[in-house]
There are 2 protein chains.
Amino acid sequence: MYSAPCPSRAALDRIADKWTALIVGQLACGTRRFGELRDEIEGISEKMLTQTLRSLERDGLVSREVHPVVPPRVEYRLTELGLTLDGPLAAVREWAEQHINEVEQARLRYDAGA
Amino acid sequence: MYSAPCPSRAALDRIADKWTALIVGQLACGTRRFGELRDEIEGISEKMLTQTLRSLERDGLVSREVHPVVPPRVEYRLTELGLTLDGPLAAVREWAEQHINEVEQARLRYDAGA
DNA sequence: CTGTATCCTGTAGGATACTG
DNA sequence: CAGTATCCTACAGGATACAG
């Protein structure tokens, strides 16, 4: 069921990195420029932002539009495929918001008992 | 919105590791013993299985039941809180299964053009 | 402004061996 | 059977500097 070469494993690995869900979440709200993403996603380095965006572009989840002006203006948006991913990820984000308190309480209880 | 100390960021980081979604997915199908999980989740090491299970237990998502028999029998199952997480994660798994082909095609196109 | 290039570090995570 | 303990390495990812 969860054999290593299984497609769902591959796709899961694709999503389960530190920044993908965050970037997709921001782009789900609308088109973003490079600097906007960098500012909105606190703590991300330019390197990881670039790297993750390229990776998302490669996988057909994000499209990159370069406007040939100076200063350069590059806009990122979710593709149709990327939009289909935001639904599931939004569900996870929503779960996180709704249940993080219970998780933290459980953690305190566990640490107290140990 | 996505500030670093934001609760959803913390919870997202919790879920976005290599094994959590897989283990929760298996436990969603029912109670599992340590060895069953190790065999069903191909490629996981005993170290990471133990480590992730402990972490899930600490966060109140999984309960651990030790049967005092020889040989030892330890059963893991999702808690009520853990069950609420499986819904969102199932959505992501389902997305993965449905769209991995499109992702792989996009990848081929991208690599060809570059 | 939107990146690349380079260097460097921490740590996730694998391999192996051992124990109650 | 269900883990711990130990060791080790690859790579995620940060910092900094620079370029078109």
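Chain letters run A, B, ... following the sequence lines, proteins first and then strands; every chain starts at 1. Computation of the quantities below employed the complete heavy-atom set of this structure, encompassing side-chain atoms and omitting hydrogens, waters and symmetry-equivalent molecules.
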Counting side-chain heavy atoms from C-beta on, which of D:dA2, D:dG3, D:dG13 comes nearest to B:Tyr76?
D:dG3
For A:Glu42 and D:dG14, give me the distance from atom CD to atom P, rounded to whole Å.
13 Å
Quick check for you: name the first and last nucleotides of DNA chain C, 5' to 3', having an atom under 4.0 Å from a heavy atom of chain B.
C:dG13 to C:dG20
Taking side chain as C-beta onward, heavy atoms only, is B:Leu37 less than 4.5 Å from B:Leu27?
yes
Under 4.0 Å from any atom of DNA chain D, heavy atoms only: list the residues of residues 47-69 of chain B that qualify, in numerical order.
B:Lys47, B:Thr50, B:Arg54, B:Arg64
According to side chain to side chain contact (heavy atoms under 4.5 Å, CB included), who are the partners of A:Lys18, at least two apart in sequence or on a separate chain?
B:Asp13
Using the test side chain to side chain contact (heavy atoms under 4.5 Å, CB included), find all partners of B:Ala28 that sit at least two apart in sequence or belong to another chain.
B:Leu78, B:Asp86
For B:Arg38, report the nucleic acid contact type (base, sugar-phosphate, nothing); a contact means any heavy atom under 4.0 Å.
nothing
With sequence neighbours excluded, residues passing side chain to side chain contact (heavy atoms under 4.5 Å, CB included) with A:Val70:
none
State which residue, out of A:Leu89, A:Leu12, A:Ile15, fulfils the side chain to side chain contact (heavy atoms under 4.5 Å, CB included) condition with B:Trp95.
A:Ile15
Distance (rounded to the nearest 0.5 Å) between A:Lys47 NZ and A:Leu49 CG:
13.0 Å
Measure the CZ-CG distance between B:Arg58 and A:Asp111 for me, rounded to the nearest 0.5 Å.
4.5 Å
Rounded to the nearest 0.5 Å, the CD1 atom of B:Ile41 sits from the CD1 atom of B:Ile23 at a distance of 5.0 Å
Using heavy atoms to find the nearest nucleotide of DNA chain D for A:Lys18 and A:Glu46 separately, return the residue whose nucleotide is more 5′.
A:Lys18
Per the side chain to side chain contact (heavy atoms under 4.5 Å, CB included) rule, which among B:Asp59, B:Leu56, B:Leu61 passes with B:Leu85?
B:Leu61
On DNA chain C, nearest-nucleotide positions of A:Pro72 versus B:Ser45: which is more 5'?
A:Pro72
Please give the angle, rounded to 10 degrees, between the axes at the start and the end of the helix from C:dC1-D:dG20 to C:dG20-D:dC1, where five pairs define each axis.
50°
OP1 or OP2 of D:dC1 versus the side-chain N and O atoms of B:Arg33: is any pair under 4.0 Å?
no
Expressed in angstrom and rounded to an integer, what is the separation of A:Leu22 atom CG from D:dG13 atom P?
12 Å
